[in-house]
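For reference, the structure discussed in these notes is given below.
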Amino acid sequence: MSNIYWEKNWKSILAAQEELLRYPAFPREAALELGLRILELAKTVYEKSAAIRIVEDGTTIFAYKMPGTSPENDWWMDKKLALARMTGMSSLRSFVEAECGDLAPVWLQRPDNFAACGGCIPVFPADHSAPFTYVLVSGMHHQEDHQIIADAMAWQLKVEIPSIVA
């Protein structure tokens with residue numbers, strides 16, 4: 001389907017991350033804190049530029065584009081968001097599940113509308129209902145776009161999660 005980098009063990013790692021990264025509530029102050037944590041991780045741990053966006057019901061409630069990002073990052077984030085909304089899971093998990101043959105890649109019928117790669121994670125409620133919001137990152141390697149969000153969420157929730165990056 002694609003030639004982007006992924007590993008078969010990511011399927012279980014991504015499922016575990018989504019189960020562990022569940023919020024009892026997600027007020028806008030939490031979105032601000034999460035967005036700022038992603039920014040800090042991009043600067044200090046990943047040492048790369050990234051565009052960051054948090055979207056609630058179609059409204060951007062946090063956005064920041066580091067120097068070195070461009071309108072192309074917005075294009076990628078829009079398509080990652082569309083995929084996560086369609087599948088109900090992270091954009092990277094959607095890709096990996098399709099690559100493993102466990103999810104029909106219906107998005108291939110309209111490839112200009114979707115991006116199957118890392119960088120969008122839904123903020124799932126603890127009660128397993130519909131996501132509160134979606135957190136997006138673009139600008140690094142796709143697995144880093146995913147993991148930086150997961151790392152920031154784990155920090156915020158004070159939980160340990162498995163990682164897909166070394």
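Since we're looking at a predicted model, the values are computed, not measured.
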Residues Ala51 and Thr69: closest non-hydrogen pair is N-CG2, 3.5 Å
With Glu18 via side chain to side chain donor-acceptor pair (under 3.5 Å) - residues at least two apart: Ser90, Arg93
Hydrophobic cluster identity match, Val137 and Ile164, side-chain contacts under 4.5 Å: yes
Say whether Met140 and Val96 are linked into one hydrophobic cluster, either directly or through other cluster members, by side-chain heavy-atom distances under 4.5 angstrom. yes
Could you tell me if the side chain of Ser138 sits less than 4.5 Å from the side chain of Trp75, heavy atoms only? no
Side chains of Cys120 and Leu136 in contact at under 4.5 Å (non-hydrogen atoms): yes
Mind checking whether His146 and His141 have side chains closer than 4.5 Å, heavy atoms only? no
Show your working on side-chain contact (heavy atoms from CB on, under 4.5 Å) between Arg85 and Val55 and close with a plain yes or no. CA-CA 11 Å; Arg85 282 183 168 154; Val55 178; 3.7 Å; yes
Does any N or O in the side chain of Lys80 come within less than 3.5 Å of the main-chain N or O of Gly118, such that one atom is a donor and the other an acceptor? yes
Determine, step by step, whether Glu7 and Gln143 satisfy the side chain to side chain donor-acceptor pair (under 3.5 Å) criterion, reporting the C-alpha distance in whole Å, the side-chain angles of both residues, the deciding distance to 0.1 Å, and the verdict. CA-CA 10 Å; Glu7 295 181 16; Gln143 66 270 26; over 6 Å; no
How about Tyr23 and Leu157: do any of their side-chain heavy atoms sit closer than 4.5 Å? yes
Roughly how far apart are Arg22 CZ and Phe132 CZ, rounded to 0.5 Å? 10.0 Å
Should Leu34 and Met66 be counted in the same cluster of Ile, Leu, Val, Met, Phe, Trp and Tyr side chains packed under 4.5 Å apart? yes
Go through the steps for Leu14 and Glu97 under the test side-chain contact (heavy atoms from CB on, under 4.5 Å), then give the verdict. CA-CA 10 Å; Leu14 296 169; Glu97 294 270 344; over 6 Å; no
Heavy-atom distance under 4.5 Å between the side chains of Met77 and Tyr134, does that happen here? no
Please report the shortest heavy-atom distance between Ser91 and Ala84, naming the atom on each side. N-CB, 4.3 Å
Distance-minimising heavy-atom pair for Lys65 and Ser70: NZ-O, 3.0 Å
Side chains of Leu92 and Gln17: closer than 4.5 Å at any heavy-atom pair? no
Can Ile148 be reached from Trp155 by stepping across I, L, V, M, F, W or Y side chains whose heavy atoms are under 4.5 Å apart? no
OG1 of Thr133 to CZ of Phe124: how many Å apart, nearest 0.5 Å? 10.5 Å
Under the side-chain contact (heavy atoms from CB on, under 4.5 Å) test, which residues partner Ala30, sequence neighbours left out? Phe26, Pro27, Gln156
Rounded to the nearest 0.5 Å, what's the gap from CG on Leu21 to CE on Met153? Could you check? 5.0 Å
Trp10 vs Cys100 side-chain heavy atoms within contact, under 4.5 Å: no
Would Arg37 and Glu40 pass as an ion pair if we require N to O under 4.0 Å? yes
dist Leu41:CG -> Lys48:NZ (nearest 0.5 Å) comes out at 13.5 Å
What do the steps show when you test Val135 against Ile38 for side-chain contact (heavy atoms from CB on, under 4.5 Å), and what is the final call? CA-CA 10 Å; Val135 183; Ile38 294 168; 3.6 Å; yes
Identify the two heavy atoms, one from Gly35 and one from Ile54, that lie closest to each other, and give their separation to 0.1 Å. N-CD1, 3.8 Å
Scanning both residues in full, the closest heavy-atom pair of Asp127 with Ser129 reads OD1-OG, 2.6 Å
Once rounded to the nearest 0.5 Å, what's the spacing between atom CD1 of Ile52 and atom OH of Tyr64? 8.5 Å
Check whether any side-chain heavy atom of Asp145 lies under 4.5 Å from a side-chain heavy atom of Cys117, and answer yes or no. no
Check Asp151 against Tyr46 and note the closest heavy-atom contact, atom names and distance. OD2-OH, 3.0 Å
CD1 on Ile149 to CD on Gln147, rounded to 0.5 Å: 9.5 Å
Derivation of the side-chain contact (heavy atoms from CB on, under 4.5 Å) call for Arg53 and Asn73: CA-CA 10 Å; Arg53 187 188 315 160; Asn73 298 107; over 6 Å; no
